[in-house]
Amino acid sequence: MYIVIQYVRLPTPLYFATQLAWQFTNGANGLIYLSLNSFLRNEVLRLIKWQKLSKPVAVEISLEMFPEDIQLINVGASGDPADHHHTRGQSLAEVFRIVPDTKEQLEVLKDLVDNADVYDLDFWKSPTKTGVSTDVMIPSTTLKNITDLLSSSNISYVVSVPDVVRLMKEYETPKDSGISDLLRSFYRRFKDDGVATNKATYNFDDYGSYSDMVNWMTKIQEYYPSFTKVIQIGTTHEGRSIVGIKIGNHISNQNKRVVWIDGGIHAREWASIHTALYFINELVGKYGSDPDITHYVNSLNFYIIPCVNPDGYVYSFAAKDNPRQRLWRKNRSKPVCPSSLSAGQNPAEKCCQGVDLNRNFGFHWAEPGSNSNPCSLIYQGHSAFSEPETRAVRDMLLSPELYGKVDAFITMHTYSQLWIYPWGHHENSYPADIVDLKTVAENAVRALESTYGTKYKSGTGADILSFCVILCCSCLESSLSSQSGPILRRIRAAGANAEAPQMKAEFNFRDYATYAQMKHWMKNIEFYYPNFTKNFQIGTTSEGQAIHGIKIGTPTKAQKKRAIWIDGGIHAREWAAINTALYFINELVAKYGVNDEITYYVDTLDFYIVPCLNPDGYEYAHTRTADPLSFRRMWRKNRSKENCIDIENGGKSCCKGVDLNRNFDIHWGLETRDPTTSGNTTSIDPCSDIYQGPRAFSEPETRALRDILLSPELKGRTDAYITLHTFGQIWMYPFGHQKGVYPDDKNDLESVGRAAVAALAKAFGTKYRLGNNPAPGSSVDWAKGVAGIKYAYLIELRPPPIRLTGFILQKAQLIPCAIETWEGVKVVVDAILKLHNLQRKTTTLVDASKPNGNKTNAITPLATTSARHMTKN
């Protein structure tokens, strides 16, 4: 076997030298081609000799200085990737570095992230975009599965860490002999004057236990009581105190400006804890001797919490030969089973422990970049601030002692050499003081580089990582805010649990709910907000379930205002449509009285929203079976009794259910062809997904919708009918029974539709196309052609038609999908107001709960999983 070189970033020449020697201990032999200076050549050979290796070595000397951007790759003798798990001794876990070349390969990797718990994967660096590497630790138990998947997807990879356990021993076990003083000086990585000293000593050459840290801070207070004080901000799930230290002279002075520093929110990131401890030592050990440090301590108060996650660190620190334990990321909260979070889950699913504390803060909580699966490494918790550790940080920063005084919040993580400032939930989204943040960060990075030449990048998490959600008050990785006082004030303005938007009746919009949960939530809304909300029932289903909706408008008894109708879930498998309709309800209710635009809508119009027109079908599809992609999950129709037709040879074809969106009495039964599939868009076969039913309005669900829209309450005053479907990203208008046939006001429909699609795209760049609906007997055609509703639209939501599982929208995309769709719907609302000369004449309100005024919540949508284009609308 021989070794070749690939161009990827590594931190130092020393790293390369040690890695090279390490590769030699793992079976590499033969010829090595390098380009390095003579000093490093000698150090490499010294390391090899020290480890008593007798491998033949040939080093090609170049006049160029040593390149920092190098990494080793094992390859087979023929140049093909080596079958590493057979050529080495058994490893408990390995780390692959993978670089996706295409969008399709990126989608495969993102699917692996979503299923990381299934394969027991640990993504050290998540996939973000093509051409950018991702690091993932893979246990030996699933190694072959992953390599087979990567091979079948034509995704190249390198084994960056062949044996994680060996890496742990090599890097985290102190060495005391056999290495040159010169090379050891590189290991130390301190300035010539070494570590500052104080009476309370600490071993900065090794990782200490949590009790070592606490005891050391306690000793510091004993020796230096005039300017240090140990603080406890809270306790963990396992009852440990979260201990930090306040440094400032005089210690009793509470009126000074404050700098907050923490580390170790992720248990495995030991270096961040060690660095925070070093900061303490620097401030204490140099006070009174270094003019800069002395001025800092006299002028400011420093609050340093070296380890925000003691339980997780203690658990990780106790690992010996267990890489999974050593690389534990979350806290140690009690195990949670997925089945306890949402109905219909498979009870056999495993239960998992811990919450990612850096996904648990009440700021854009549970948006893309986090996960609702308790077995995920980025599990967000069951609610914002569900964990005692995150509540402790929140309560301390918002306490009378600190609130309004904190000018810097610095949280340290590993790894990647990034200096990140807010915001991270969306690209090109920044706080009002972005210029200050950027300037200070760039200065900090330059100062850092001047010490040893270490290069850091600076920017927002979203901009420099392509995809990143910042949930730790204002930062992830090593981020700095020079004016976090205003930031904290924004957080408080949005509420302690800033889920945007919020109201008293809570609902989990990051998961698919049961029909019973939807009904219960709407009833709670009416209970809390009786002045402008009212539940109603439009009819019952084939199986006797009530079809529930909610009216939103002030006053609720008024029936002279113009009305807007919105429904979803006419097709059972289109769960995202239902979730989006529910989000619309939340948007109108939660922002009423807070947001000028929403308040005007509710005061001026009546909104009738029925989230699920097909409760029987939805409940049937929502009830899980052993196979998550079974026919049951893809059920489309209602659950009416069997219908039969005669077939050849005297037989019968009998099946349950009718496609409700082919059962309306407008061109019902007219066969037409779908130009996108070259197939019929309706059928007389009861076993077809597009079975039209035995007659128009044969189904109680379609009759219920007909009767309410033609009732005295709504007939003649409904200006918009919007029905939500998935998938395909299409904004459709009537008519669909025949190509080239349109309503008389086609221009109005097109104009408003085009503006809606443009507004939708502004949220996250999602592209929709405008067209009409290829289906006879549909609700949108009937609403326009018979009920006479002017603005009638069918919206096919995410993902685009090229995806292979489009009806199964990732949960992480539910809120972004709803937010962008609402932006489009608002265009229709504004068109109605303009039609009746009811436009709002007030100035635009800047929503104090949002950092960017009254703009939409900025969320970066995850890329969707690939999916086959199936029958829609």
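If you read the sequence from its start, that first residue is 1, and numbering goes on from there.
- Side-chain atoms of L605 and I832, non-hydrogen and from C-beta on, do get closer than 4.5 Å to each other.
- Between the side chain of D616 and the main chain of E543, a donor-acceptor pair closer than 3.5 Å is present.
- The structure places CD1 of I666 at 9.5 Å from CZ of F697, a figure rounded to the nearest 0.5 Å.
- With a 4.5 Å cut-off on side-chain heavy atoms, E699 and S542 count as touching.
- At a threshold of 4.0 Å, the pair D606-R562 does not count as salt-bridged, since none of the basic side-chain nitrogens sits closer than that to a carboxylate oxygen.
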**Report entry** side-chain contact (heavy atoms from CB on, under 4.5 Å) between I795 and T723, intermediate numbers included
**Finding:** CA-CA 6 Å; I795 308 173; T723 182; over 6 Å; no
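- Taking the centre of each ring, Y620 and W635 come in below the 6.0 Å mark.
- The structure places CD1 of I538 at 9.0 Å from CG of D707, a figure rounded to the nearest 0.5 Å.
- In terms of modelled atom types and a separation under 3.5 Å, the side chain of S711 and the main chain of I708 share a donor-acceptor contact.
- Aromatic rings of F509 and Y583 (six-membered ring for Trp) have centroids within the 6.0 Å cut-off, being under it.
- Note that CG of L814 is 4.5 Å distant from CG of N579, once rounded to the nearest 0.5 Å.
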Query raised in the report: Between K790 and D748, does a side-chain contact (heavy atoms from CB on, under 4.5 Å) hold up when you go through it step by step?
Result: CA-CA 9 Å; K790 181 170 180 59; D748 293 344; 2.8 Å; yes
Report task. Show your working on side-chain hydrogen bond (donor to acceptor under 3.5 Å, both in side chains) between E713 and Y608 and close with a plain yes or no. Result -> CA-CA 11 Å; E713 182 176 348; Y608 289 77; 2.6 Å; yes
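- Listed for the N663 side chain is no donor-acceptor partner under 3.5 Å among the backbone atoms of A696.
- A donor-acceptor pair under 3.5 Å is formed between the side chain of E574 and the backbone N or O of T726.
- Note: I609 CD1 to I566 CD1 = 4.5 Å, rounded to the nearest 0.5 Å.
- The ring of Y791 has its center no closer than 6.0 angstrom to the ring center of Y733.
- Side-chain atoms of E597 and Y601, non-hydrogen and from C-beta on, do get closer than 4.5 Å to each other.
- Just one residue in the list L588, V589, N595 forms a side chain to side chain contact (heavy atoms under 4.5 Å, CB included) with K591, and that residue is N595.
- Here R703 does not pair with D665 in a salt bridge; the nearest charged N to carboxylate O distance is not below 4.0 Å.
- No side-chain donor-acceptor contact under 3.5 Å links N661 to the backbone of I570.
- Using a 4.0 Å cut-off between charged side-chain N and carboxylate O, K561 and D603 make no salt bridge.
- Closest approach of H548 to V610, counting heavy atoms only: O-CG1, 3.4 Å.
- The main-chain N or O of F607 is never found under 3.5 Å from a side-chain atom of K551 such that the two would form a donor-acceptor pair.
- Contact between T821 and L797 at its shortest, heavy atoms only, is OG1-CD2, 3.5 Å.
- At most 12 non-hydrogen atoms from other residues, nucleotides or ligands lie less than 6.0 angstrom from NZ of K504.
- Of all the heavy atoms in V827 and A759, the pair that sits closest is CG2-CB, 3.6 Å.
- One N or O on the side chain of S683 and one on the backbone of D685 form a donor-acceptor pair closer than 3.5 Å.
- Without hydrogens or angle criteria, S370 side chain to E367 main chain gives a donor-acceptor distance under 3.5 Å.
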Query - Working for side-chain hydrogen bond (donor to acceptor under 3.5 Å, both in side chains), residues Q729 and R798 - result: CA-CA 5 Å; Q729 295 178 195; R798 293 186 185 190; 5.2 Å; no
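- A donor-acceptor distance shorter than 3.5 angstrom exists from the side chain of N638 to the backbone of V658, with no hydrogens or angles considered.
- A792 and V780 get closest at one heavy-atom pair: C-CG2, 3.6 Å.
- In this pair, H571 and H725 present their aromatic rings perpendicular. The plane angle is above 60°, beyond the 30 to 60° band.
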Query raised in the report: Would L749 and Y742 count as a side-chain contact (heavy atoms from CB on, under 4.5 Å) if you check the C-alpha gap in whole Å, the side-chain angles of each, and the deciding distance to 0.1 Å?
Result: CA-CA 10 Å; L749 287 166; Y742 307 103; over 6 Å; no
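- The six-membered or imidazole ring of F532 lies near that of Y592, with a centre-to-centre distance under 6.0 Å.
- Annotation: cation-pi geometry not satisfied between R754 and W731 (NZ/CZ under 6.0 angstrom from ring centroid, within 45° of ring axis).
- Annotation for H836: atom NE2 counts as buried by contact number, over 12 foreign heavy atoms lying within 6.0 Å.
- Pairing each heavy atom of K656 with each of K637, the nearest pair is O-NZ, 3.1 Å.
- A heavy-atom distance below 4.5 Å is found between the side chains of I684 and Q692.
- A 4.5 Å side-chain heavy-atom check between Y529 and I552 finds every atom pair outside the cut-off.
- A salt bridge links E823 with K826: the distance from a Lys NZ or Arg NE/NH1/NH2 to an Asp or Glu carboxylate oxygen falls below 4.0 Å.
- Side chains of W521 and N586 form a contact here, defined as non-hydrogen atoms less than 4.5 Å apart.
- Atom CD1 of residue I550 and atom CD of residue E526 lie 7.0 Å apart, to the nearest 0.5 angstrom.
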Report task. Please lay out, stage by stage, how L705 and Y721 fare under the test side-chain contact (heavy atoms from CB on, under 4.5 Å). Result -> CA-CA 11 Å; L705 181 57; Y721 174 85; 3.6 Å; yes
Requested in this report: Take E701 and T541 through the test side-chain hydrogen bond (donor to acceptor under 3.5 Å, both in side chains) and record every step on the way to the result.
Outcome: CA-CA 6 Å; E701 296 89 350; T541 67; 4.7 Å; no
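- The side-chain heavy atoms of R510 and Q380, taken from C-beta on, include a pair separated by under 4.5 Å.
- Of the charged side-chain nitrogens involved, none lies within less than 4.0 Å of a carboxylate oxygen, so that R662 and D689 do not count as a salt-bridged pair.
- Using the six-membered ring where Trp is involved, F807 and F727 have ring planes that are perpendicular, over 60° apart on the 30 and 60° scheme.
- Taking the six-membered ring where tryptophan is involved, the planes of W575 and Y512 are perpendicular, since the angle between them exceeds 60° and thus also 30°.
- Without hydrogens or angle criteria, R636 side chain to I690 main chain gives no donor-acceptor distance under 3.5 Å.
- Ion pair K811/D511 flagged as a salt bridge, since at least one NZ, NE, NH1 or NH2 atom sits closer than 4.0 Å to an Asp/Glu carboxylate oxygen.
- Q517 contributes atom CD, which lies 12.0 Å from atom CE of M522 (distance to the nearest 0.5 angstrom).
- I578 and G568 get closest at one heavy-atom pair: CG1-C, 4.3 Å.
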